Every structure is written in structure tokens, then in C-alpha cells.
Amino acid sequence: MASSLAAAGTLTTALAPGAPAACERSDRALVAAALDGDATAIDGLFRRHWPLAFRVALLIAHDHAAAEDIAQEAFVAAVGRLEQFDRRRPFGPWLTKIAANRAIDWTRARGRRREVGAPALDASAADVVDTLSAELLAALAALPLDQRAVVVLRHLLEWTPGEIARALELPRGTVNSRLRRGLDALRATLGDEAAS
Amino acid sequence: MSRARPPREAVVVHVASRRRRRGVDAALGARLRAAAPVDPAAAGRAHAAAMAAYAARPAGAATESTRSRRRGARALLAAVVVALLGAIVLSPAGARVGDWIGRTLDPPPTRPAAVLPGEGPLLISGRDGSWTLDRALRPARLGEFTEAAWSARGNYLLLNRGDTLFARDRDGTTRWSLARPAINRVAWSPGDGYRVAYRSGRELRIVAGDGSGDRLLAARSAPVTPAWQPGPPGRHTLAWGPP
């Protein structure tokens with residue numbers, strides 16, 4: 001099994017003659033095709049939605065290696081539960097909900113465990129971003145987990161507070177108050193222009 | 001010159017998008033995206049794992065899914081027919097017929113609603129913790145352990161709290177514990193039960209069944225549960241996912 005796209009070269013997909021490209025099909029059509037055994041449909045769903053799941057996991061967990069594991073496991077879990085998926089709903093938010101909840105669980109578990117022989121916090125993500133992004137990452141990491149998660153879901157994914165409340169199984173008022181406190185804290189750290 | 005009206009669906013989507021974006025800080029969203037670039041190597045590894053998981057699905061999964069949907073549709077149709085019949089016959093004159101339908105379709109239970117098919121307890125784990133269920137499905141909570149596993153003969157339970165692995169006997173006494181960061185994917189060897197494999201973060205590690213000799217097997221491994229090959233006592237062959 002190829003361990004990375006970088007090692008294996010450009011990823012290509014084989015399409016059945018006459019089949020529409022995965023990028024042209026809706027999520028509903030891709031899920032239906034995947035259930036019927038079309039591997040290109042899973043490829044299409046992955047390319048369309050995995051990057052966002054990875055971003056969510058990275059911004060919540062603040063650990064590059066953990067974010068990769070979380071986002072990978074979330075997609076593998078979604079593939080395993082495809083038969084139970086309600087196709088009337090969009091696939092992307094379902095996947096990112098799984099990734100967000102797993103990232104929250106991972107971060108809570110990291111906060112509980114004793115640091116016996118624990119590896120240094122992975123700083124590789126900061127190596128590839130600019131200074132402004134590094135400041136934002138640091139400010140996000142300084143937020144309590146509960147505030148960080150809702151800020152990411154609201155402003156990166158543009159979920160409504162109601163959708164966030166359902167995904168995280170919280171009262172809507174709790175989501176709104178965590179959003180306010182999180183944005184206030186970011187504003188105080190980064191200045192008004194960063195989080196207005 | 002008349003302008004064509006947009007399709008109704010497009011208007012609805014546009015309004016919903018405006019509602020969703022109200023209150024969203026677009027600049028912050030752009031900065032969040034820039035601060036979390038996608039690593040192509042990570043994407044490649046995840047893609048390989050996703051395609052492998054899809055290929056490993058049972059051969060009849062897709063067909064079974066279609067059959068299941070058809071069964072559901074037939075059940076729904078049958079329920080609608082029964083409801084209509086019930087509405088028709090349950091007049092005072094038809095009450096006896098209605099009673100006959102009720103007794104035929106929903107006979108009184110002659111045995112407990114559900115029991116386990118075997119003697120031993122059932123172990124259940126999830127995000128909210130772990131439980132055992134006895135044969136009558138009475139639960140006993142084990143604690144906030146997101147992962148649990150029986151030993152080879154069911155005499156011990158392996159319980160994962162995330163930062164500590166516990167081995168308890170059937171009386172609930174902790175026989176040994178092991179503290180490691182981010183414990184996940186535990187697997188107790190069958191047969192003699194003398195080995196436990198688990199991941200600590202991305203490391204694959206092995207510890208003896210009595211909690212001694214904890215050691216690193218691989219610095220990086222895929223996030224899949226390792227699997228012990230069934231075999232004679234004293235022989236321990238482990239399958240695990242490469243990174």
C-alpha cells in the first residue's frame with residue numbers, strides 16, 4: 001500500500017467509460033454510487049471533504065500528527081457507516097462532525113494524562129505557515145478547548161449556532177456564550193482587526 | 001427586455017447561505033484556513049487508508065444495503081395497510097374483528113423480550129464509558145473507559161482510560177496498571193493471553209499479560225487495531241498497520 005501521495009506520484013483515478021467525473025456529481029450521488037461499489041465515488045468524497053476535516057482537527061487539537069490520525073479515522077469511520085448515513089443530509093458536515101468530536105475527545109484525553117515520556121508537541125504545522133497564522137494558532141491554542149471548538153466550527157465551517165449545538169450536544173445558549181468569550185479572547189490577544 | 005427568473009431552488013439556497021453567513025467573520029475564516037494548510041503527505045496516507053477501508057467492506061455490503069432499503073419500504077407499506085384496515089374495522093360492529101387482528105399481529109409475549117444468546121456477559125464500550133451486560137441484559141457500569149477487551153479466557157478485563165491501561169479480574173480488583181500517553185487500539189492475544197498489544201499515540205507497543213515488560217514495537221503505526229494470529233501457546237504473531 002502506498003504510504004503517501006508524495007511517494008506514489010500524482011494520484012489518478014480510473015473512471016468507467018462514460019461515467020461523470022466524481023467532481024461533477026453531488027454528494028448524494030457519490031454516496032449512492034459508493035454504496036453500489038463505485039470506488040471512484042469514495043475518492044470523490046475524500047477529495048471534496050477530507051481536507052476540511054483535517055483542518056478542523058488541526059485547529060482544535062493543535063497537533064499535526066494527531067490531526068492526521070483523527071481526520072483519517074473519521075473518514076474511515078464514515079466509510080464503515082455509509083449504510084446508516086441519511087443521504088438526505090449533506091456528507092461534509094457529517095464527516096466534520098465526527099472529526100470535530102474526536103478532536104475534542106483527543107484534546108481532553110491529552111489534558112488528563114500524565115506526561116510520562118510524552119513526545120514534544122508537534123510544531124511542524126507552524127513551520128509551514130506565516131507569522132500571522134502562527135500568531136492565530138497560538139491565540140487559538142490559548143483558548144479553552146470548549147471555546148476553541150465552537151470558534152472553529154462557526155468561522156471556519158460557517159455552521160450556525162444551532163448546528164454547532166446539535167453536533168456537540170450542547171444547549172444553544174452555551175454555544176453562543178462560548179462563541180462570545182472565545183472571540184473576545186482572540187480580539188484581546190490579536191487585536192480588533194484579527195477577530196472583528 | 002424581460003429577465004428570466006432564477007429557479008426557485010436557487011433562490012432558497014441563496015437565502016439560506018445569507019442566513020448562515022450572518023455573523024460569520026469571513027476574515028477570521030480566511031485566516032483560520034491559512035493557518036491550517038493541508039499536508040499533501042498526510043492527505044496521501046489518509047487517502048490510502050480510506051480506499052483500503054472501502055475495499056475491505058464485506059462483498060455483499062452494497063447489495064445488503066439495497067435489500068435493507070427495500071425491506072424497509074415493504075415494512076412501511078405493510079404498516080400503512082394495517083393502519084387502514086384498523087381504521088376500517090374498528091367500528092363498534094367491527095370491534096371483535098379488530099381484536100382478532102390485534103391478537104394475530106401482536107400476540108402476548110410468552111418469553112422475555114430479549115436475552116443474550118450465550119451464558120457469558122457482553123462487554124460494551126464507547127465514548128461514554130464501558131459496561132457489561134448479563135444474560136438478562138442488566139447493565140453494570142465499569143467506568144469511564146472508552147475501550148475494553150476480555151482476556152483470552154474471559155478471566156480479566158483490559159480497560160483503557162486514555163492515559164492508563166488497567167487489568168481487572170472478575171471481582172473488580174485491579175491486578176496491574178500501565179500509564180502511557182494517548183492509549184488506543186488495545187488487543188489481548190488469544191490462546192495463552194500472555195501478550196497485550198496497544199498503541200500509545202502513534203507508537204505500537206507490547207506488554208506481557210501480567211503488566212510487565214512494556215516495550216516499543218514500532219515508532220509509528222496506522223490507526224488500526226492490531227490483530228493477534230490464533231495459534232499454539234507460546235507463539236505470538238501480530239498483524240498491524242504500517243504508517
Side-chain angles (χ1 to χ4, degrees), chain A residues 1-8 11 34-37 39 42-43 46 50-51 54-55 58-59 64-66 68-69 71-73 75-76 79-80 83 105-106 109-110 112-119 125 128-130 132-134 136-137 140 152 154-156 158-160 183 186 194-196, chain B residues 17 19-29 31-57 59 61-66 68 127 146 161-164 179-184 200-203 220 222-224 241-243:
Chain A
M1 180 170 78
S3 59
S4 72
L5 272 181
L11 180 67
L35 286 170
D36 285 338
I42 286 293
D43 177 83
F46 181 91
W50 186 87
F54 173 81
R55 285 194 162 103
L58 179 58
L59 290 170
H64 204 266
E68 179 183 337
D69 279 351
Q72 180 181 118
E73 289 179 14
F75 198 91
V76 168
V79 168
E83 281 81 5
D105 290 344
W106 183 92
R110 180 177 65 178
R112 277 198 302 266
R113 69 177 178 261
R114 286 177 282 167
E115 297 299 321
V116 176
V128 299
V129 302
D130 55 28
L132 275 179
S133 295
L136 176 59
L137 284 175
L140 262 182
V152 169
R154 179 72 176 126
H155 295 285
L156 177 69
E158 298 185 357
W159 286 7
T160 64
L183 288 177
L186 283 179
S196 56
Chain B
S17 295
R19 187 180 308 129
R20 177 182 300 274
R21 293 199 181 99
R22 192 183 308 144
V24 170
D25 185 337
L28 178 57
R31 285 193 63 181
L32 288 170
R33 277 190 292 278
V38 176
D39 177 10
R45 288 187 290 269
H47 183 272
M51 300 309 291
Y54 180 74
R57 279 151 52 90
T63 307
E64 181 56 35
S65 171
T66 304
S68 170
R127 285 175 54 199
T146 56
R161 194 179 65 186
D163 59 350
T164 308
R180 292 289 313 170
I183 297 173
N184 64 100
S200 173
R202 306 175 96 181
E203 292 180 348
R220 288 181 60 178
V224 294

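All chains are named by letter (A, B, ...) in the order of the sequence lines, taking the proteins before the strands, and each is independently numbered beginning at 1. Keep in mind that what you see is a predicted model, and the values were worked out from it rather than measured.
Contact detail for B/A35 and A/L137: the closest heavy-atom pair is O-CD1, 3.5 Å. When all heavy atoms of A/W50 and B/V38 are compared, the closest pair comes out as CZ3-CG1, 3.8 Å. Between B/D25 and A/H155, the shortest heavy-atom contact is N-ND1, 3.0 Å. Of all the heavy atoms in A/F46 and B/A43, the pair that sits closest is CZ-O, 3.5 Å. Annotation for A/V76 and B/A49: closest pair CG2-O, 4.0 Å, computed over non-hydrogen atoms. Contact record, B/P37 with A/L58: O-CD2, 4.5 Å, taken as the closest heavy-atom pair.
Note that the OG1 atom of B/T146 and the CG atom of A/D105 stand 8.5 Å from one another [nearest 0.5 Å]. Taking CZ from B/R31 and CG from A/L156, the interatomic distance works out to 13.5 Å, rounded to the nearest 0.5 Å. Within the model, atoms CG of B/D163 and CZ of A/R110 stand 14.0 Å from one another, a figure rounded to the nearest 0.5 Å. Atom CG of B/L28 sits about 7.5 Å away from atom CG of A/L140, to the nearest 0.5 Å.
One N or O on the side chain of B/Y54 and one on the backbone of A/A34 form a donor-acceptor pair closer than 3.5 Å.
Residues forming a side chain to side chain donor-acceptor pair (under 3.5 Å) with B/N184 (at least two apart in sequence, or on another chain): B/R199. For B/R202, the salt bridge (Lys or Arg N to Asp or Glu O under 4.0 Å) partners at least two apart in sequence or on another chain are A/E68, A/D69.
Between A/Q72 and B/P223 the shortest side-chain heavy-atom distance falls below 4.5 Å. A 4.5 Å side-chain heavy-atom check between A/D43 and B/H47 finds at least one atom pair inside the cut-off.
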